[in-house]
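Numbers for residues simply follow the sequence, beginning at 1. Values below: every heavy atom of this structure, side chains too, minus hydrogens, waters and symmetry copies.
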Amino acid sequence: MSEHLVAVVFDDETADGFAPFSLTRPTGEIRFGRWSARERLERAIGGSVAGHVTRPWLASFHEPGAPPVVPREATGAGTPRVLWSSRAILDAPLPEGPRTNVLIEGRFAGVLLEAGDEGPDEDWFRSPTAVPDIPQVEVAGSWVDAPWDLVSGGPARLLRDLESTNASPGGVPAGVHHLGDAAIHLGDGATIEPGVLLDVRHGPIVLGDGVEVRAGARLEGPLYAGDHSKLLGGAVSVLSAGPFSYLRGEIEEVTTFGYCNKAHDGFLGHAVLGRWVNLGAMTTNSDLKNNYGSVRMGPPDGMVDTGLVKVGCLIGDHVKTGIGVLLNTGTIVGAGSNIYGAELPPKWIPPFSWGEGVELSEYRRDAFLATAATVMPRRGQPSGDQVMEWLGAVWDEARR
């Protein structure tokens, strides 16, 4: 691709509704398989994405390694550029262009524009369509149309990602057992204690730099653990963990965006966790209804039948749970919530909720921000003025 190409990932109206994650972050920064949509686009163009066009209250979004939120006007004429949907999962290089509509599965996914081409208006970003009078090219890929697609499609996507990364197998340390022939890759400084079992009969295991796996863990691929994660014990299968994820217990088909803490026992299955989630000891979710029926999810006045038999929970950024919290099948926990107690909470927990069971009140703005400012530096991440402005704007939007 051209070294002068400016790439922008945009959220459409559907992406705006990806609760509980779209409240706090551009949808292009949601992990699906090993990578986010933004990271996939960067791999395709061989360069960095310049920014996200997204919801207005995310103007101060700030996360190390992620591009900023940019105004729509920044996508106008002046340089060659690609505008790409945050829900379009790219599996192939982009066409060389210039001036090309890109389709995935027959649906408009993005467009390559030349310098001098007028940028689209705000309505286009909410409901994008192919730019008229220029060619259309179909490329390989897929779509994420609802947040629970992250659960149902995550394992296959992760397997495909890990099989395509060309990671050379690393040596298995003495005292570590393994089953199967798929790749086992250890990043720089990754350590595995004796007594660990690595099962790669169903897919590779890739451990990032500085990952630590402690004795007593059983890891089953496809599995990816991001840099400086810790797998502390238990049976862990089909995991895509962002950086600095500390995990223990029975974990099955789970994605974390990173900087998560589940350092104690408890079952977590068919679930997606945002960043800065801390699950108390023995927090456990159900991922299967007693009658084996399909799972419904969403707010009480707008629940949707997912058509899926197994869905655990979707947990937003900066959620905290107390010890022994139980989450029902198909629970959505809004960002910034702090829940505790032995009573089962509702399946829809609004963002910035505080309390036990159905007795939920508001997690005060000042208290939430103070906790975030304390927690983030513990993992070496900034919690300065811009981060507080971003999270404060999120709180204001959620509680408006």
Side-chain angles (χ1 to χ4, degrees), residues 1-11 15 25-54 63-70 75 79-98 100-105 107-113 137-144 149-150 153-168 183 185 187-188 203-209 211 221-227 229 239-243 255-258 275:
M1 303 298 293
S2 167
E3 63 180 8
H4 302 297
L5 183 72
V6 173
V8 172
V9 177
F10 66 86
D11 288 340
R25 62 182 51 250
T27 307
E29 292 298 326
I30 290 175
R31 177 182 294 270
F32 180 49
R34 179 172 178 175
W35 297 293
S36 66
R38 184 263 303 172
E39 290 171 316
R40 294 178 191 281
L41 181 59
E42 290 179 333
R43 290 170 59 83
I45 65 175
S48 298
V49 165
H52 295 278
V53 174
T54 187
E63 204 162 74
V69 170
V70 297
T75 65
T79 186
R81 59 207 183 279
V82 56
L83 308 179
W84 190 257
S85 170
S86 63
R87 301 187 297 108
I89 306 304
L90 190 59
D91 283 333
L94 288 176
E96 290 295 328
T100 306
N101 290 305
V102 184
L103 308 182
I104 290 179
E105 298 180 343
R107 299 161 57 181
F108 175 75
V111 62
L112 292 157
L113 297 174
V137 175
E138 178 83 23
V139 300
S142 60
W143 288 87
V144 179
D149 289 349
L150 304 172
R157 172 56 51 185
L158 178 62
L159 176 61
R160 181 167 185 162
D161 290 344
L162 297 186
E163 289 180 335
S164 68
T165 55
N166 297 320
S168 58
H185 178 79
D188 292 342
I205 291 176
V206 177
L207 306 180
D209 295 346
V211 169
L223 184 148
Y224 173 75
D227 294 350
S229 291
L239 169 73
S240 177
T255 297
T256 80
F257 296 170
R275 285 202 174 196

From [X] [atom1] over to [Y] [atom2], what is the distance, rounded to the nearest 0.5 angstrom?
X      : Y      : atom1 : atom2 : answer
His185 : Ile205 : NE2   : CD1   : 13.0 Å
Leu41  : Ile89  : CG    : CD1   : 11.0 Å
Tyr224 : Leu239 : OH    : CG    : 10.5 Å

Note to self: Before you tell me yes or no, could you show the steps for Arg81 and Val8 under side-chain contact (heavy atoms from CB on, under 4.5 Å), namely the whole-Å CA-CA distance, both residues' side-chain angles and the distance that decides it to 0.1 Å?
What the structure shows: CA-CA 8 Å; Arg81 59 207 183 279; Val8 172; over 6 Å; no
Item checked: Residue list, ring pair (Phe, Tyr, Trp, His ring centres under 6.0 Å) with Phe32, at least two apart or on another chain -> none
What heavy-atom pair brings [X] and [Y] nearest, and what distance separates the two atoms?
X      : Y      : result
Val49  : Pro67  : O-CB, 3.4 Å
Ala37  : Ala88  : CB-O, 4.3 Å
Ala50  : Val6   : CB-CG1, 3.8 Å
Ser142 : Glu105 : CA-OE2, 3.8 Å
Pro243 : Arg31  : CD-NH2, 4.0 Å

Next item on the list: In plain terms, say whether Arg157 and Asp149 are close enough for a salt bridge, that is, a side-chain N and a carboxylate O under 4.0 Å apart.
Entry: no
Checking [X] now: which residues fulfil side-chain contact (heavy atoms from CB on, under 4.5 Å) with it, not counting sequence neighbours?
X      : value
Ala66  : Glu29, Arg38, Phe61, Glu63
Ala15  : Asp11, Asp12, Thr27, Ser86, Arg87
Pro222 : Leu158, Leu159, Leu162, Val238
Ser229 : Val211, Ala225, Ser245

Item checked: Candidate list Leu112, Ile45, Val111, Leu94, test side-chain contact (heavy atoms from CB on, under 4.5 Å), partner Trp84, passing option -> Leu94
Tell me if a side-chain donor or acceptor on [X] pairs with a main-chain N or O of [Y] at a distance below 3.5 Å.
X      : Y      : value
Asp209 : Gly187 : no
Trp143 : Ile104 : yes
Glu138 : Val102 : no
Arg43  : Gly46  : no
Asp161 : Arg34  : yes
Thr256 : Gly242 : yes

Check: Among all residues two or more places apart in sequence or in another chain, which pass the side chain to side chain donor-acceptor pair (under 3.5 Å) test with Ser85?
Finding: none
Next item on the list: Tell me, with the steps shown, if Phe108 and Leu103 meet side-chain contact (heavy atoms from CB on, under 4.5 Å).
Entry: CA-CA 5 Å; Phe108 175 75; Leu103 308 182; 4.2 Å; yes
Next item on the list: Go through the steps for Glu42 and Val9 under the test side-chain contact (heavy atoms from CB on, under 4.5 Å), then give the verdict.
Entry: CA-CA 10 Å; Glu42 290 179 333; Val9 177; over 6 Å; no
